[in-house]
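Notes for the one structure printed next.
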Protein chains: 2
Amino acid sequence: MRLFAKGGYAAVSMRQIAAEVGMQAGALYLYTPDKQTLLYDLMREHMEDLLAQWAQARIDGAPLQQLEAFTRFHINYHLERPDQVFIAYMELRNLNEENFKRIEALRRDYERELEEILRAGNMKNDFTIADARLSTMAIIAMLTGMTTWYREDGRLSRERIERIYWNMVRRSVGA
Amino acid sequence: MRLFAKGGYAAVSMRQIAAEVGMQAGALYLYTPDKQTLLYDLMREHMEDLLAQWAQARIDGAPLQQLEAFTRFHINYHLERPDQVFIAYMELRNLNEENFKRIEALRRDYERELEEILRAGNMKNDFTIADARLSTMAIIAMLTGMTTWYREDGRLSRERIERIYWNMVRRSVGA
DNA sequence: GTCTATAATCAGATAGAC
DNA sequence: GTCTATCTGATTATAGAC
């Protein structure tokens with residue numbers, strides 16, 4: 001994960017990966033049939049963990065409360081795993097067609113969680129949004145973007161950043 | 001640009017680039033000292049063009065009008081150049097330290113344009129934002145994210161998408 | 001300005017010893 | 001389960017012909 005995030009899939013050799021885990025290159029093939037499958041497995045495990053963790057974190061309640069839960073979950077999950085997040089977004093192009101479709105399906109499943117919260121809130125007039133799919137993509141992009149600049153020792157505490165972003169999300173849906 | 005965007009810097013060979021422009025690999029070295037400089041030049045030209053185009057597009061007026069101008073400019077500029085945008089964000093890790101600093105400085109210049117609009121609007125109480133820098137990063141991430149899913153022949157027209165996003169931006173700053 | 005040829009190195013993956 | 005050695009082919013960059 002660390003090597004792929006730092007240099008990109010194509011730039012990392014099986015020899016480098018082997019050195020990182022204290023082996024010779026040949027021994028890696030006891031654990032993966034090839035480099036492509038290794039990337040796919042890392043991405044799949046990340047997406048499956050994301051979905052599983054959200055299934056644990058989600059709450060029942062009013063759409064506004066669900067939206068807040070999703071926002072805070074998404075921020076914290078992503079800020080704690082910057083390498084995985086970077087790979088999950090940037091290395092899609094290095095998956096073969098079949099693997100790409102599988103990862104995209106998992107991503108869709110996750111996006112749908114937010115989309116359904118937005119639809120429910122719109123139906124009850126808790127939110128005022130023109131298009132739930134667009135708001136979903138906008139909110140996820142806004143939140144995920146934090147991983148590109150967030151630093152543990154930055155100017156603002158994570159709690160404060162989280163509150164500010166939640167405010168922006170809330171206002172963006174007209175709540 | 002197209003090749004780097006599709007496969008990533010490391011995955012693209014000088015032979016592929018040469019074939020794309022109808023040459024042999026050796027002839028490329030008449031135009032660039034090495035592959036790294038070629039990437040840097042592409043990124044620098046993109047950032048300089050972005051800044052130049054915004055200098056043309058920017059307007060005087062109330063902060064809300066300036067924010068709308070920035071939002072619409074950013075959307076249109078980025079949707080028309082998905083390959084450049086992708087490279088400008090994803091290939092930063094493949095620049096050497098010196099080149100990375102130069103590109104980051106140009107990006108900062110661009111971000112500062114939005115940040116100053118937000119600060120001005122906040123001072124006049126046209127906006128209600130807790131932190132101009134955070135709002136800047138949030139808005140840019142939200143808008144730039146459109147390039148990952150936008151298709152010319154998609155469900156919604158560009159004009160409609162633009163209007164919906166502008167609404168979300170406007171509301172996110174409390175205007 | 002472009003080509004061909006090549007140097008020097010490195011890639012992913014496999015075979016076989018232990 | 002891991003190592004060493006190796007196959008095959010690709011890589012960046014350069015040299016020198018034209």
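In the text below, chain A, chain B and the rest are named by the order of the sequence lines, each starting its count at 1. Since this is a predicted model, take the numbers as computed values, not measurements.
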In whole angstrom, what separates [X]'s [atom1] from [N]'s [atom2]?
| X | N | atom1 | atom2 | answer |
| --- | --- | --- | --- | --- |
| Lys35(B) | dT14(D) | NZ | C1' | 17 Å |
| Asp34(B) | dT11(D) | CG | C1' | 14 Å |
| Leu38(B) | dA13(D) | CG | P | 10 Å |
| Leu30(B) | dT14(D) | CG | P | 12 Å |

Per-helix bend value, the helix from dG1(C)-dC18(D) to dC18(C)-dG1(D), C1' rotation axes over five pairs per end, 10° rounding, shows 0°
Heavy-atom nearest pair, Gln65(B) first then Ile59(B), reads O-CD1, 3.7 Å
Met43(B) and Ile87(B) have their tightest heavy-atom pair at CE-O, 3.7 Å
A quick test of your reading: do over 12 heavy atoms of other residues, nucleotides or ligands sit less than 6.0 Å from [atom1] of [X]?
| X | atom1 | answer |
| --- | --- | --- |
| Arg102(B) | CZ | yes |
| Glu159(B) | CD | yes |
| Met1(A) | CE | yes |

With a 4.0 Å cut-off (strictly under) to non-hydrogen atoms of chain A, the first and last hit nts on DNA chain C, 5' to 3', are dA11(C) to dT14(C)
* Please determine if Arg170(A) forms a cation-pi arrangement with Phe127(A), meaning its NZ or CZ atom is less than 6.0 Å from the six-membered ring centre and no more than 45° off the ring axis. => no
Has Arg72(A) got its NZ or CZ under 6.0 Å from the middle of the six-membered ring of Tyr165(A), at an angle within 45 degrees of the ring axis?
no
Inset, instruction - Taking only the side-chain nitrogens and oxygens of Ser13(B), find out if one of them lies under 4.0 Å from OP1 or OP2 of dT11(D). - result: yes
Report task. Measure the shortest side-chain to side-chain distance between Leu64(B) and Val173(B) over non-hydrogen atoms and say whether it is less than 4.5 angstrom. Result -> no
Query raised in the report: Relative to the ring of Trp54(A), is the ring of Phe73(A) parallel (under 30°), tilted (30 to 60°) or perpendicular (over 60°)?
Result: tilted
Sorted by number, residues from residues 16-28 of chain A placing a heavy atom under 4.0 Å from DNA chain C are Gly26(A)
Legend entry - Between Asn99(B) and Arg44(B), a side-chain donor and acceptor under 3.5 Å: no
*Ring centroid separation for Tyr110(A) and His74(A), is it under 6.0 angstrom?*
yes
